Student: 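If you scroll down you'll find the structure; I have some questions about it.
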Amino acid sequence: MTESLHELFPNSEKQNKTKPMKSVSAVASQTYASYLINSLRNSSTLKSVSSVHSRLLKAGGIAGTTTVNHFINGYVRCGSISHAQQVFDEMSEPNVVSWTSLMAGYVDAGQPDRAVLLLRAMPMHGVEPNPFTISTAINACSQLAQVRIGMELHARIESLGMQSDVVASTALVNMYGKANNVDDARKLFDGMAERNLYTWGTMICVYAQNACCNEALCLFKKFSMMMRPNHFILSSIVNACSGLGSFGPGRSVHAAVIRLGHDRNDVIAGGLIDMYAKCGSIDYSRVVFAQISAPTLIPYTSMIVSAARHGLSHLSFSLFDEMLDRGIRPNSITLLGILHACSHSGLSDAGLDFLKSMHRSYGISPGAKHYTCAIDMLGRAGRLEEALGLACRNDFSGHDGLMLWSVLASAARMHGRLDVMAEAGARLAELEPIRDDVAGIYVAMSNAYFSAGEWDGAARVRKEMRRRGVRKVPGCSWIEVKDLVHVFYAGNMATCPRKEELVRLLRELEKKIIEGIGYRSSLSRNVEFDDEGFGEEGIIVGIHSEILAMAFGILSFPKGSKIRIMKNLRMCVECHMVFKLVSKIEGREFVVRDLNRFHHFKDGDCSCGDFW
DNA sequence: GTAGGGTTAG
């Protein structure tokens, strides 16, 4: 551009040394080039990016490195890493931004190893990494779960004198968070001299993704006093609220989302759908979904998964059809949601057909999660042989394997198949150290051996539990009344609020159940009151926490309002029966979330159709 | 011009 100016105006430098005059055509072509580059920002499809690219090439405006970098970013944004690489390869002198953009592209494309290779190659081409490069490389390490390389980069940051750089440090906070090392992430965050919007957002996200929901909310409140949250931060905080399983914070965050004008954002809408469903209100999820004018894959998937979780399989199926009709391609999670819906409605044959046709119909091969879901589906339907066969043909290592075999063990226990349980137990023992989220299966297995009188089997499992340091999680339920959460523990009356009234109510309910239906429930079998109305030291032996929460809910809410209860373990058959009966006797509606799903009790029935 | 967000079986 400068050379052509000199040709046109050989004396231009004399006229104006700092601002050379441009010809009308040069100005016009530069304006056209800027216009095209600007339009690139809004191009999100390969077609639109390559169209702008070819128009600019025709106009001859693609000389500078900065301009070419725009195109690398454009191709990366629309997900075409091969085009980005091609543009990069054609550059005579890619600069640090070109290298970093391409690296970020590989991280986005799920090829973080290529990004690390690029980082290593840069110095050989005479280009030194800057904090953004390091930040991108650290993200690659987070994705690779290669904390070792990440720590090398941490050291390198210090040797390059970048330790006080906000961009590089923020990436480190993210990396430690992704490696589930929340404490180190927070230490780094606290030690930073400078923090920007990204830094705060990253730390809040680290908390949200590591199930530290209260910490996330706490930091968010602190942050909100200083800065205005953007859509990234709102999205993280909505997720943190899903984890709390209580309405209060979720609703105020939803209000903030609307106030700040982000309610049309798809990712946030998906998060809100998920949050309301996890807090027990599929109705609110449906309201959020209905307000989206043209839902994309994200809200559709969130809604399909949420409906399945609440046992509304027909809603999941109809949304799936609607989505396909609109030309939206499902992803592997959408398909998992559909399998889940089949599983929780007892449609095992339909589910199996779906599993088999996934690749043919949608181009997505079933993975560990799909097989586990199908094994669970067959197992709960009593088709243990088929479930075992599927498990053996699709064995996985690591956490995936743990999930798969624990699901089978759980089904075997439910159907009293100690042989299948022994097989699953043996497979579990071969796998990596187990995590808390599947620890419960050992307790269940041991109990199953006990009730079958197989003392050797029980002892074996107990030994394995000790070897692996598995602890039994105490059962608890909680209920939210006027923004206050009340927690109840199995068998423990001592800390119950309004305990005298609670005991009176439980006795009345018990009487009504026996008189009206002739059913001797867990209430009468396990609850032994003394003269004061309490068991020994205020403990009612054996009463499950959700029953206590149910009684408290009846006392706290007027007739006609839904009573929502959360539980940290699965509901047992006895309690499930009691909820059904009480919903009829008292004319009350209950929504109970157990470890895996929701149960809606009304008029003596449950939405799960006793299949869960 | 380069950094971050969602849905995941039991």
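Quick caveat, the model's predicted, so the values are computed rather than measured. Residue numbers begin at 1 in each chain, while the letters A, B, ... track the order of the sequences.
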Student: Quick one: does A:N196 reach the base of B:dA3 with a side-chain donor-acceptor pair under 3.5 Å?
Tutor: yes

Student: Do A:Y198 and the base of B:dA3 stack face to face, with centres under 5.5 Å apart and an angle between planes under 30°?
Tutor: yes

Student: Touch check for A:D594, heavy atoms < 4.0 angstrom, all strands: base, sugar-phosphate only, or nothing?
Tutor: nothing

Student: Measure from the side chain of A:R570, starting at C-beta and using heavy atoms only, and say which of B:dG10, B:dA3, B:dG6 lies closest.
Tutor: B:dG10

Student: Please say whether more than 12 non-hydrogen atoms of neighbouring residues, nucleotides or ligands are located less than 6.0 Å from CZ in A:R570.
Tutor: yes

Student: Ring centres within less than 5.5 Å and planes less than 30° apart: is that true of A:F232 and B:dG4 in this structure?
Tutor: yes

Student: Whether A:K278 contacts B:dT8 is assessed here as follows: a side-chain N or O lying under 4.0 Å from the phosphate OP1 or OP2. Is that the case?
Tutor: yes

Student: Side chain of A:R309 only, heavy atoms from C-beta on: which candidate in B:dG6, B:dT2, B:dT7 is closest?
Tutor: B:dT7

Student: In chain order, what residues pass the salt bridge (charged side-chain N to carboxylate O under 4.0 Å, His left out) check against A:D395, with sequence neighbours excluded?
Tutor: A:R427

Student: Suppose we screen for ring-ring contact (aromatic ring centres under 6.0 Å, His included). Which residues come up paired with A:F396, at least two apart in sequence or across chains?
Tutor: none

Student: Taking N and O atoms by type only, does the side chain of A:N230 place a donor or acceptor under 3.5 Å from a partner on the base of B:dG5?
Tutor: no

Student: Taking side chain as C-beta onward, heavy atoms only, is A:R383 less than 4.5 Å from A:L352?
Tutor: yes

Student: For A:L197, report the nucleic acid contact type (base, sugar-phosphate, nothing); a contact means any heavy atom under 4.0 Å.
Tutor: base

